[in-house]
Asks: 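Supplied in structure tokens, the structure appears directly below.
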Amino acid sequence: MVIFPQTHHSKIFINFADLDQYRIDPALSIKINIMLRTHTCGELRTEHINTEVTLNGWIQRIRDKGALVWIDLRDRYGITQLLFKEEDTEKQLFEKLRSLGREYVISATGNVIERESKNPNIPTGDIEIKVSRLTVLNKSEVPPFTIEDDTDGGEELRMKYRYLDLRRMPLRKNLELRHRMSIAVRNYLDKEGFFEIETPYLIKSTPEGARDFVVPSRMHQGEFYALPQSPQTFKQLLMVAGYDRYYQIVKCFRDEDLRADRQPEFTQIDCEMAFVSQDDVLRTFEGMTRHLLKDIKGVDVNTFPQMSYDDAMQRFGSDKPDIRFGMEFVELNELAQGKGFNVFDSAELVVGICAPGCGEYSRKQLDALTDFVRKPQIGAKGLVYVKCNADGSYKSSVDKFYGQDDLQAWAEKAGAAAGDLLLVLSGDTHATRKQLNELRLHMGDTLGLRDPKVFKPLWVVDFPLLEWDEDSQRFHAMHHPFTSPKKEDMELLHSDPGKVRANAYDLVINGVEIGGGSIRIHDKEVQKRMFTVLGFTDAEAQSQFGFLMNAFEYGAPPHGGIALGFDRLVALFGGQDSIRDFIAFPKNNAGRDVMIDSPSIIANEQLDELGLKLDIKNKQDKQN
Ligand code: ASP
């Protein structure tokens, strides 16, 4: 074994036997020599009592009781309590304490002693340090918000001072989770024979359905790079090149409106495999997901069920159903139409869910549900309810049109028992399903059926290849234009493209679309046909995707892949909906980085170099 000096305070031990594989022995690998400190703030326990230690960190809190002063010292690893007793602390040192403030960086040396009143809430809670020497390593302004687990800082302020926000333990834990998961992904895929290969960021547009971010070229004025919406075309080219198992944990860029689980730049676990069927891809990434759940969360999950897109829409009104709970859709057209209730009679679909145990809902609760579905973002016109009373009778909001027998038939179809509540919507099929999906999720939340500690993954398969866009009067690729139609539907590509199903799949966990992929087209003629269906002229297809179609002339293997949203996956494992606190430096709702103030204007010289002129009145003013 040799020791390579790495930096002035760390050493990397490399095991010679592994050198030819460029592998560092993980057991011995890295040992950091701590220079200014002997231990971290998360490390000391009762077995360290009576040792002299030096800790470095930030002052989280000072409690000054006159003759007794305590300081909570924080670093990445935890918090340790420092103790100063006036009676046995040097006068000079004791006075120095009064000049300290929150977030000062200090070095404290002293003896580890047992605490009189222990704190069972922190791992170092049994001990404290009786400090004999203290050095201020750096002062700090008073931070603009408290750096505690529950901070008083609003989102915008926390983003502006993200480096302070990142000192808080919840964020520190989120980033650790992210780190652990990326290691687990890499380990798993490495064992499965995948190569991690980087692909360029300065490329030309990839059609993933969003707007591109573009970068002007200085050397080729008037021309622009586009940042990749994903490495889709490159990973397919890698398959043509023979790298039959590729992955990359990679940034992707999409200029679209932001939501809690969207950022203009986000990270994917991007993968591609050659000589595989859809089942092979699903098996591999089901294995990876299962490995992550076990390794990181200690959770075992069964084989992931597969549900067709059509089934998912019919049973849950969503292509990303949350199957942690039931409340499946029950279609009531046959039972509810033709009884004189015009709203139902004129509807394409009458569909309900059974909310278990909600049969005693009050007027107020029912009104609140009606208000919920009538919110503009949901858009239902109204809500019909049927209460299944304890005595076996039914009470509904449409009693005028339906007798007890009718309502009983609905309840039976929905599997509703006494004490349950049926909630029914009607209207156009697609819109009504979407609305009832929202109501179902809302009821799931209300009834506590969406436990973030429970993980229920599934594959949604057999997506349509295309979707019709009313605005542009054209088909759009539902996934992307490289997705292969199902063999048995190939003929329909000419006769009835809207009916073609794709070899495309999504991984869904707890109602979140974690990833999606497909088996690709690897035949030049089929790819050409696909571009035609999507409304590209031959010349347009050639100029945008000629490089891929040319590559297909040189022996493209059958291939397919998937990409998982890494930020979403980490947030899901962390039990949260928003991905923002699982990204070290995220953008705000308006796509801004408020810490570095970006986007921002650039100097006129930069514009000149790029051969660009701005034509935006107020920006131009700013410039001058
Ligand atoms: N490139 C696709 C995406 O970003 C994933 C894939 O088809 O592999 O959604």
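For ligands, and for the atoms within them, numbers begin at 1 and follow the listed sequence. Every heavy atom of this structure was used, including side-chain atoms; hydrogens, water molecules and symmetry mates were not.
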Asks: If you count the atoms of ligand 1 from 1 in the order shown, which ones are under 4.0 Å from a heavy atom of I562?
Replies: 8 (O)

Asks: Short question: side chain of D212, backbone of A226 - any donor-acceptor pair under 3.5 Å?
Replies: no

Asks: I'd like to know if E265 and K251 make a salt bridge, using a cut-off of under 4.0 Å between side-chain N and carboxylate O.
Replies: yes

Asks: Quick one: does R254 get a heavy atom under 4.0 Å from ligand 1?
Replies: yes

Asks: Do R178 and T267 have side-chain N/O donor and acceptor atoms under 3.5 Å apart?
Replies: yes

Asks: Identify the closest protein heavy atom to atom 9 (O) of ligand 1: which residue and atom is it, and at what distance?
Replies: E208 OE1, 3.7 Å

Asks: Mark up the atoms of ligand 1 that fall under 4.0 Å of a heavy atom belonging to G517, in ascending order.
Replies: 6 (C), 7 (O)

Asks: If you measure every N or O of D270 against every N or O of ligand 1, does any of those distances drop under 3.5 Å?
Replies: no

Asks: Numbering the atoms of ligand 1 from 1, which are under 4.0 Å from a heavy atom of S230?
Replies: 1 (N), 4 (O)

Asks: Pull out every atom of ligand 1 sitting under 4.0 Å from any heavy atom of H479, numbered as shown with elements.
Replies: 6 (C), 7 (O)

Asks: Give the numbers and elements of all ligand 1 atoms closer than 4.0 Å to a heavy atom of Q268.
Replies: 3 (C), 4 (O)

Asks: Taking the six-membered ring for Trp and the full ring for Phe, Tyr or His, determine whether the centres of Y188 and F194 are under 6.0 Å apart.
Replies: no

Asks: Distance to 0.1 Å, residue and atom name: give those for the protein heavy atom nearest to atom 5 (C) of ligand 1.
Replies: G516 O, 3.4 Å

Asks: Under 6.0 Å between the ring centres of F253 and Y201?
Replies: yes

Asks: If the threshold is 4.0 Å, N to carboxylate O, is there a salt bridge linking R172 and E176?
Replies: yes

Asks: Measure the distance from atom 1 (N) of ligand 1 to every protein heavy atom, then report the residue, atom name and distance (to 0.1 Å) of the closest one.
Replies: Q232 OE1, 2.6 Å

Asks: Indicate yes or no for a side-chain donor-acceptor contact from T432 to the backbone of G427 under 3.5 Å, with no hydrogens or angles considered.
Replies: yes

Asks: Near A563, which atoms of ligand 1 are under 4.0 Å from a heavy atom of that residue?
Replies: 5 (C), 8 (O)

Asks: Side chains of N589 and R580 only: does a donor on one sit below 3.5 Å from an acceptor on the other?
Replies: yes

Asks: Quick check on K235 - does any of its heavy atoms sit under 4.0 Å from an atom of ligand 1?
Replies: yes

Asks: Tell me which part of H480 gets within contact of ligand 1: side chain, backbone, both or neither, using heavy atoms under 4.0 Å.
Replies: side chain

Asks: With distance as the sole criterion, is a donor-acceptor pair present between the side chains of E348 and T429 under 3.5 Å?
Replies: yes

Asks: Looking at F325, does the NZ or CZ of R440 lie under 6.0 angstrom from its six-membered ring centre and within 45 degrees of the ring axis?
Replies: yes

Asks: Under 3.5 Å between some N or O of ligand 1 and some N or O of S518?
Replies: no

Asks: Specify side chain, backbone, both or neither for R520, according to which of its non-hydrogen atoms lie closer than 4.0 Å to ligand 1.
Replies: side chain

